[in-house]
Number of protein chains: 2
Amino acid sequence: MKKKSDRLPSEDRRKQLIEATLACLMQDGTSGLSSRKICAQAGVSLGLLNHHFANQVDLLAAAYETISVRYHQDLRARIASNKDNHSAPVETLVACAFDADLISPDQLRAWIVFWSQAIDSPVMRAMHDTINERFQTYLIEILSQSFPRLDADQLRALAIEYSALADGLWLDWSLNSKNQDARSWQAILEQWLARTLASA
Amino acid sequence: MKKKSDRLPSEDRRKQLIEATLACLMQDGTSGLSSRKICAQAGVSLGLLNHHFANQVDLLAAAYETISVRYHQDLRARIASNKDNHSAPVETLVACAFDADLISPDQLRAWIVFWSQAIDSPVMRAMHDTINERFQTYLIEILSQSFPRLDADQLRALAIEYSALADGLWLDWSLNSKNQDARSWQAILEQWLARTLASA
DNA sequence: TATACTATTGTACGATCGTTCAATAGTAAT
DNA sequence: ATTACTATTGAACGATCGTACAATAGTATA
């Protein structure tokens, strides 16, 4: 057996550390936010983390961006594939809001940790702003196709309303200790959409 | 000048420590969650905390309950006083959702810390459940008066929808770094209510 | 006044934290 | 083969963490 080298190009190692960070946060929440635990999860020494990331906040911000971009891209792909079936983008958006392939209670618990860090750290706050703005732009793009009579300000308000509702339902879902079956939360979101479409 | 004794009855000291905890979380978020910082905020020695609270989680859970009960009671008082003006409870509920006397971005940032702790600690998770259930019961009571044609399940779904939307808007508001003026978030909530009332 | 009780203090312990850094191992260029 | 570079390691540092505990101060009871 030839022992392969453990060396990785910088970018690959960074990605691996980011994935390890997400895994730790999903497993243990705030207490998973530990450089040592993250390195252990990645099977890597402690010093390596500081070789690839200047400090812990940079790693955390990168992980925040990664999980956000991943969700964003998965969502785009899903909506694009459903568009062929003549389903309005906003219908697909709502339909897969609690889809296990796109989002899980574990991931949402990691998201809550990111939120709590956005309170403390300016870097995380800035990343939060970027992520929010990015997603809001996409939401407006989607909503405008089903709400053609709304102007820009109204669309923006509706986008904020949708993301707030989705975030709140996700929060309730992921912190709920009784029932992890997403159906009831899903139904609430669908009824919201039906009501909103009817009144537009 | 006679120096008064610093002694306090157990319950008073507990309340003081709870208030100090809330102050620390509102100021510094997660990093404010430190026994030493809390004691410093209360102007009290470190050992005293463990005399009045078995451990940090107990104090944190008590603080979570305090901020929740306080909001709940303030809300009840506001709704009761507006009822004399022939305003429906749900109208008042929505009208003061971003009232500075009832809620502030600072308090919401403390709330996010509680959420993040509910991931880790079973004690905090249990308190979260209790608080949620308590508030949901109250919401149903309020909503039933403006939505008399909904059955129990529909009312419960609507209560979850409202609290999710409010939580999400609060989150967006308190983490938003550009604009702390609550008016636009308030308007979104009001439009949601108008739409929902119209379709019921 | 003596006794029992409780609030309060200050210190100390062991653990964990993020970060630094010198030393080593692997890789690519000369 | 030598040089230059970079990934990787592991140990160390100072700080902070939650908790425990013995000692002290204040209060009420007898």
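Values reported hereafter were calculated over all heavy atoms of this structure, with side chains retained and with hydrogens, waters and symmetry mates removed. Just so it is clear: chains get the letters A, B, ... in the order the sequence lines come, proteins before strands, and each one is counted from 1.
Side-chain atoms of A:S146 never come within 3.5 Å of backbone atoms of A:L143 as a donor-acceptor pair (strictly under, hydrogens ignored).
Remark on the helix from C:dT1-D:dA30 to C:dT30-D:dA1: inter-end axis angle 0°, axes from five-pair C1' superpositions, rounded to 10°.
What separates CD of B:E11 from P of C:dA7 is a distance of 12 Å, to the nearest Å. For the pair B:R13 CZ and D:dG26 P, the computed distance is 13 Å after rounding to whole Å. For the pair B:F53 CZ and C:dT8 P, the interatomic distance rounds to 12 Å; values are reported in whole Å. Nucleotide D:dG10 holds its P atom 11 Å from the CG atom of A:L48, rounded to whole Å.
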Report all side-chain donor-acceptor pairs from residues 191-200 of chain A shorter than 3.5 Å, counting only partners two or more places apart or in another chain.
{"unit_1": "A:W192", "atom_1": "NE1", "unit_2": "A:E161", "atom_2": "OE2", "d": "2.8"}
{"unit_1": "A:R195", "atom_1": "NH1", "unit_2": "B:E161", "atom_2": "OE2", "d": "3.1"}
{"unit_1": "A:R195", "atom_1": "NH1", "unit_2": "B:T196", "atom_2": "OG1", "d": "3.0"}
{"unit_1": "A:R195", "atom_1": "NH2", "unit_2": "B:E161", "atom_2": "OE1", "d": "2.8"}
{"unit_1": "A:R195", "atom_1": "NH2", "unit_2": "B:E161", "atom_2": "OE2", "d": "3.2"}
{"unit_1": "A:T196", "atom_1": "OG1", "unit_2": "A:W192", "atom_2": "O", "d": "2.7"}
{"unit_1": "A:T196", "atom_1": "OG1", "unit_2": "B:R195", "atom_2": "NH1", "d": "3.0"}
{"unit_1": "A:S199", "atom_1": "OG", "unit_2": "A:R195", "atom_2": "O", "d": "3.4"}
{"unit_1": "A:S199", "atom_1": "OG", "unit_2": "A:T196", "atom_2": "O", "d": "3.3"}

Would you tabulate the side-chain donor-acceptor contacts of residues 66-76 of chain A under 3.5 Å, counting partners in other chains and residues two or more places apart, or write 'none'?
{"unit_1": "A:T66", "atom_1": "OG1", "unit_2": "A:A62", "atom_2": "O", "d": "2.9"}
{"unit_1": "A:R70", "atom_1": "NH2", "unit_2": "A:E19", "atom_2": "OE1", "d": "3.4"}
{"unit_1": "A:R70", "atom_1": "NH2", "unit_2": "A:E19", "atom_2": "OE2", "d": "2.4"}

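Checked by atom type, the side-chain pair B:N132/A:D172 shows a donor-acceptor distance below 3.5 Å. Between A:Q186 and A:R183, the side chains place no donor N or O within less than 3.5 Å of an acceptor N or O (distance only, hydrogens not considered).
The shortest side-chain heavy-atom distance between B:L139 and B:S163 falls under the 4.5 Å cut-off. The side-chain heavy atoms of A:S31 and A:D28, taken from C-beta on, include a pair separated by under 4.5 Å. Side-chain atoms of B:R36 and B:S34, non-hydrogen and from C-beta on, do get closer than 4.5 Å to each other.
Within residues 111-124 of chain B, no residue approaches DNA chain C, by heavy-atom distance under 4.0 Å. Applying a 4.0 Å cut-off to non-hydrogen atoms, none of the residues of residues 15-30 of chain A approaches DNA chain C.
Atom CD of A:Q107 is separated from atom CD1 of A:I112 by 12.5 Å, given to the nearest 0.5 angstrom. Here A:W170 contributes atom CH2 and A:L165 contributes atom CG; the two are 10.5 Å apart, rounded to the nearest 0.5 Å.
Regarding contacts with the backbone of D:dT8, every side-chain N or O of A:H51 stays at 4.0 angstrom or more from both OP1 and OP2.
The environment of CD in B:Q27 is crowded: more than 12 heavy-atom neighbours from other residues, nucleotides or ligands sit within 6.0 Å.
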| task | Could you run through nucleotides 17-30 of chain C and give me one letter per nucleotide, 5' to 3': B if any protein heavy atom sits under 4.0 Å from the base, S if only the sugar-phosphate is that close, - if neither? | result | BBBB----BBS---
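Electrostatic pairing of A:R125 and A:D120 does not count as a salt bridge here, judged by no charged N lying under 4.0 Å from a carboxylate O. Under 4.0 Å is where a charged nitrogen must lie from a carboxylate oxygen, and between B:D12 and B:K15 no such pair does.
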